[in-house]
Amino acid sequence: MSRRPPRGEYIETDTGNKVARKATLVGTQNIMLGGKTVIQPDVMIRGDLARTIPPAQSAGSSGPANNTAVAIGRYCFLSKGCVLRPPGRMYKGVFTFMPLRLGDHVFVGPGTVVQAAQIGNHVHIGGKVVIGEFAIIKDYVKVLDGSVVPPNMVIPSFSIVAGQPARIIGEIPEGGIEAFELRDLYKTVGNNVQPTAS
Amino acid sequence: MFGNNRLPAFHPGLTQSRIRDTTTGNRLWFPGVRSPPSESSPSDSDPPNDQLPLPITPEDLYDTPMAPFNPYTYIRCPCSELNPYAKRTPDVTAQGLSRAAQDDDDHTFDPRAARSNYSLYPLEYLSFCEDCHQIRCPRCVAEEIVCYYCPNCLFEVPSSNIRSEGNRCTRSCFQCPICIGPLAVNHVETPPDPNQLLSPDHAASSHSGSYLLSCSYCNWSSTEIGIKFDKPNSIHMQLAKLRNGGETRLTAKERKERRKEQGGGGGGSNNGQGEEDLDTLLDMETQFANLKSFYQNQLSDANGTGKAGGDASAALGNLGFDAPASLSRIMSLYTGSSSLHDKKSKSRPGTMREALAPSEGLQLASLDETSAITALQDFESTTGLDAYSSTASTTQLQSQTPYLGASPLHGLTRFTSSLRPIPYLLRTKRSKRCPQCRHIISKPESKVTTTRFRIRLIAGNYIPTITIKQLIIPGLTPPPMPNLPPDTIAPLQPAQFVLTFKNPIFESVRVTLATPATTPGRFPSKVTILCPQFEIDSNTDVWEEALKDNNTSSASTSTSQQNLSSSTGPEGGPGRKRAGTLRPGTAGGASLAGEELGPEVGKVWEKGRNWTSIVIEVIPASLVQTAKRDGKGPIKEDEDVLEIPMFVRIEWEAEAPEDEIMPGLSGAKGGNKDGGKEKRELAYWCVLGLGGLRGRCKRGFVCGRS
Ligand SMILES: [Zn+2]
Ligand SMILES: [Zn+2]
Ligand SMILES: [Zn+2]
Ligand SMILES: [Zn+2]
């Protein structure tokens with residue numbers, strides 16, 4: 001981010017989201033943003049891929065009366081060119097998409113494709129990563145650049161993951177969890193950001 | 001945010017080696033991988049069974065082919081000292097320290113020494129013992145397992161199960177034997193009858209089940225080894241009963257029952273042939289069971305008819321494998337139960353015969369490899385591929401778990417076509433104890449799914465972080481040499497770096513730095529710290545900052561930017577001072593009037609709320625010239641990175657503990673109290689990685705290595 005973006009590159013919402021004008025958000029009515037999330041140019045979010053089968057008729061579904069396809073928490077950072085795409089599968093003989101949920105402080109690197117079912121809080125996904133369909137990533141996980149996380153993989157908390165297919169190659173040390181905080185990164189992006197030495 | 005999101009993991013539990021990123025030449029922390037990652041792009045058609053180095057930094061991932069060198073600071077844990085827990089004299093003056101560091105080579109820490117790899121850690125890997133007032137590292141802390149869990153289903157496994165079932169998930173969690181990806185339980189493509197699917201316990205009789213394990217990464221499926229399952233749960237148990245091909249295997253219990261039916265209790269067949277014949281292929285479990293019962297019978301026979309042997313040969317025989325005493329000892333080792341014959345047999349020397357038949361556990365090795373050779377030839381003729389690709393790689397074989405239904409030794413599989421699914425290895429949550437005072441310095445919540453810690457004493461909350469940035473002042477800094485590869489520091493030319501120290505504690509600290517005048521090793525670079533003594537203000541208004549941050553959630557963007565400047569510290573903002581003069585918040589290196597003043601000796605470069613930056617000047621050695629002139633031979637690993645050992649001493653005044661003088665305090669703490677305040681001090685070595693030296697090992701450059 002050495003180049004300063006031209007003025008007005010981002011739309012800043014009331015809840016503090018900064019959405020690049022050049023980002024492609026399809027089916028915005030199915031995309032939930034928690035606030036203070038940065039969506040960089042060339043990001044694509046496929047809100048149009050909402051589930052075609054209503055959620056299981058278990059009574060008292062407390063969640064937002066939803067057809068949410070993509071739910072994003074607070075302080076997420078979606079880098080240039082990444083794609084968020086809800087996963088889909090056959091369910092009782094019919095194909096349907098299922099929601100893709102991101103927690104808070106999730107960093108998604110440039111050029112990465114995310115088709116997970118769930119990504120927890122404080123997750124760092126590097127650049128050019130593929131997160132396969134229905135993968136579940138828990139909190140405080142770091143996915144290194146170029147990894148291919150296979151479909152259905154579950155990644156437990158405090159894992160460092162890499163490879164093709166991805167596997168756990170290490171653990172986040174106790175002192176490493178502060179680095180997942182994305183508040184400061186949020187402040188470096190937007191229309192009126194003071195230039196900082198980089 | 002991560003400074004470098006490409007920094008591969010450092011894993012203290014594995015072989016530590018600081019390898020290089022081949023695209024940048026940077027030294028990296030990486031677990032156990034010694035061979036450099038291949039430079040080819042990951043999309044190159046790697047065969048799926050090739051599990052060679054992880055694609056850390058394929059060049060095609062980055063816009064620039066040469067990613068910048070990321071300066072780093074590694075801190076040395078005191079446990080690598082010869083006498084780590086001995087008391088040290090705390091009152092070494094700064095001059096004394098620097099003199100010691102400069103004059104006495106024995107005391108200068110050499111970051112390239114072979115041992116240093118095991119004592120240098122990035123700050124986030126270090127803990128801090130509050131009782132000892134000392135840094136602790138993953139190598140010296142004592143770990144205790146808090147709980148075991150499966151990384152796939154995230155169920156906790158009680159430790160009693162670990163003892164009985166082993167350290168793998170016994171539910172339905174499996175990894176692909178070919179590519180290590182997760183396996184999912186799926187219906188067989190052509191589901192037989194929907195009515196049957198609804199009743200999972202329908203088909204216990206037939207072996208043609210309705211479920212399979214399949215890998216969605218490489219498309220492997222358990223049908224390739226002829227295995228299907230009757231129900232979608234407890235796959236582990238079902239798989240244990242199935243041989244490759246789908247044939248069921250008797251469980252130990254069933255075998256016992258069958259043996260009972262055959263008569264003779266545990267082993268009535270100790271006299272040669274049973275109904276099994278010498279050619280019978282025993283699987284490992286059967287062989288073990290047969291051997292065990294055979295030897296148990298032998299032992300009881302030996303006890304019954306024990307020869308009265310007082311001679312020397314009998315005494316010697318007592319030590320051999322065929323002696324009852326050793327045998328019962330070995331058996332108790334492998335069967336886990338103390339044999340009931342133990343006490344008696346001690347006093348009864350004698351020898352016993354060995355197993356003679358499969359029923360006694362004798363398994364003749366089959367040295368006939370024709371079937372393997374035929375399989376290889378068939379593979380080549382049918383697929384047209386190299387037969388080598390049909391054999392399992394070492395990694396694949398290593399990740400296989402021992403299968404009791406496999407035939408031993410020569411029957412072990414060497415083909416990918418017979419690899420079995422790998423049950424997930426359990427992982428653990430662990431707490432850490434200080435090696436010296438045994439206090440707990442890290443303890444996670446025991447629940448698998450929570451990420452909270454009960455105790456978490458990390459070094460980053462006690463000692464300053466050091467960040468490094470090269471100082472480039474337009475007009476003062478000489479322009480980079482034209483033919484110099486990027487990220488290298490020009491040799492024999494002064495280069496300046498800004499070191500920023502950020503104070504995490506609530507007291508202001510006094511920092512004293514010392515480096516050797518020249519870096520240790522064959523290619524000495526000259527080092528000067530322009531301001532070796534300075535203060536960092538306290539980290540007091542963190543609460544204020546946090547409150548401000550919350551308040552701005554609904555405020556306009558301009559106020560949030562104000563916060564940014566104060567919270568991002570060194571990166572800019574109001575209140576930052578350089579050399580005593582106030583400057584407006586501009587980026588370092590921007591051309592303001594008076595900016596052309598270079599750093600001054602003895603003066604702090606910049607100062608902020610809880611941070612201070614100073615300048616260090618180096619005159620890098622030239623690898624090329626020195627190597628030529630002195631004939632020093634090829635450049636060794638890491639010699640082409642400019643690493644500077646630096647001794648850091650921090651002093652501060654802390655509230656004295658009310659009740660007691662700290663037990664087990666090491667030399668890191670002074671004792672003189674002063675009106676409720678107490679002088680504290682902490683001193684440690686660290687290493688600053690500043691950049692590559694010219695001649696570093698890279699394509700087209702002077703390189704000593706092949
Ligand atoms: Zn240590
Ligand atoms: Zn499991
Ligand atoms: Zn696979
Ligand atoms: Zn201690």
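Every value quoted in this text rests on a predicted model; they were computed, and no experiment measured them. Side chains are part of it too, since the values below use all heavy atoms of this structure and drop only hydrogens, waters and symmetry mates. Chain letters run A, B, ... following the sequence lines, proteins first, then strands; residues in each count from 1.
With values rounded to the nearest 0.5 angstrom, N152(A) atom CG is found 14.5 Å from Y217(B) atom OH. Summarising the geometry, atom CD belonging to Q164(A) is positioned 11.5 Å from atom SG belonging to C179(B); distances are rounded to the nearest 0.5 Å. Rounding to the nearest 0.5 Å places CZ of R452(B) at 10.5 Å from CG of D139(A). Here CZ of R167(A) is found 9.0 Å from OG of S399(B). Values are rounded to the nearest 0.5 Å. With rounding to the nearest 0.5 Å, the separation of NZ in K443(B) from CD in E174(A) is 12.5 Å.
Contact annotation: the side chain of L154(B) approaches that of K138(A) to within less than 4.5 Å [non-hydrogen atoms, C-beta and beyond]. With contacts defined as side-chain heavy-atom distances shorter than 4.5 Å, the pair C153(B)/V154(A) does not qualify.
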- Task: Evaluate the side-chain contact (heavy atoms from CB on, under 4.5 Å) criterion for residues T451(B) and H122(A): first the C-alpha distance (whole Å), next the side-chain angles of each, then the deciding distance (0.1 Å), finally the verdict.
- Result: CA-CA 11 Å; T451(B) 52; H122(A) 301 96; over 6 Å; no
- Query: Can E178(A) and R456(B) be said to form a salt bridge (Lys or Arg N to Asp or Glu O under 4.0 Å), step by step?
  - Reply: CA-CA 12 Å; E178(A) 279 80 8; R456(B) 190 174 72 104; 2.5 Å; yes
- Trace of the side-chain contact (heavy atoms from CB on, under 4.5 Å) decision for I168(A) with R427(B): CA-CA 10 Å; I168(A) 300 171; R427(B) 295 183 74 81; 3.6 Å; yes
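Comparing P151(B), A184(B), G181(B), G460(B) by how many heavy-atom pairs each has under 4.5 Å with chain A, the most go to P151(B).
A side chain to side chain contact (heavy atoms under 4.5 Å, CB included) with P150(A) is found for one member of P182(B), C215(B), C218(B), C176(B) and no other, namely P182(B).
A salt bridge does not link K429(B) to E171(A): none of the charged side-chain nitrogens sits closer than 4.0 Å to a carboxylate oxygen.
Nearest heavy atom pair, residue Y149(B) against residue S157(A), reads OH-O, 4.4 Å.
Aromatic ring centres of F158(A) and F453(B) lie closer together than 6.0 Å.
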